[in-house]
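Any value given below was found using the heavy atoms of this structure, including those in side chains, with hydrogens, waters and symmetry copies removed. Each residue takes its place number in the sequence, starting with 1.
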Amino acid sequence: GRLVAVKNYIHPVKLIIQTAQSLGMEPVQLIEKEIDESMRGWYEKQGALSVYEKFKGTPVIYGCCLKKKDVTD
């Protein structure tokens with residue numbers, strides 16, 4: 001029953017992949033989710049359609065599976 005603010009940081013996926021590669025890792029799979037029509041109802045219930053419109057198409061979360069590069073690569 002209380003409001004909790006979560007601090008977050010924005011890092012472009014491209015930079016994360018470059019950093020991982022510099023550390024000897026390579027991407028196996030990358031999934032990125034952006035604000036789209038499926039989220040409109042949630043923004044509408046919050047009275048925040050203007051926020052939805054402003055950020056529609058903006059990536060908001062991603063998942064990335066990395067693996068250590070094989071030394072023979």
Margin query: Heavy-atom count check: over 12 atoms from other residues, nucleotides or ligands less than 6.0 Å from Ile61 CD1?
Written below: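 At most 12 heavy atoms, drawn from other residues, nucleotides or ligands, come within 6.0 Å of this atom.
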
Checklist line | Criterion side chain to side chain contact (heavy atoms under 4.5 Å, CB included) on Ile35 and Arg40, from CA distance to verdict | finding: CA-CA 8 Å; Ile35 296 174; Arg40 181 184 173 92; over 6 Å; no

Minimum heavy-atom separation for [X] and [Y], please, with both atom names.
| X | Y | value |
| --- | --- | --- |
| Lys33 | Ser38 | NZ-OG, 3.9 Å |
| Gly57 | Glu34 | O-OE1, 3.4 Å |
| Cys64 | Leu66 | SG-CD2, 3.5 Å |

Next item on the list: For the residue pair Ile17 and Glu26, establish whether any side-chain heavy-atom pair is separated by less than 4.5 Å.
Entry: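 The answer is no; the side chains never approach within 4.5 Å.
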
Item checked: Spacing of NZ belonging to Lys68 relative to CG belonging to Leu23, to within rounding of 0.5 Å -> 10.5 Å

Next item on the list: Would you list the pairs meeting ring pair (Phe, Tyr, Trp, His ring centres under 6.0 Å) in which at least one residue belongs to residues 24-47, sequence neighbours left out?
Entry: Tyr43-Tyr52

Next item on the list: Carefully, step by step, assess Asp70 and Lys67 under the rule salt bridge (Lys or Arg N to Asp or Glu O under 4.0 Å).
Entry: CA-CA 9 Å; Asp70 188 343; Lys67 74 172 190 171; over 6 Å; no

Next item on the list: Indicate yes or no: does Lys56 engage Glu37 in a salt bridge with an N to O separation below 4.0 Å.
Entry: yes

Checklist line | Cluster overlap Phe55 with Val13, hydrophobic side-chain contacts below 4.5 Å | finding: no

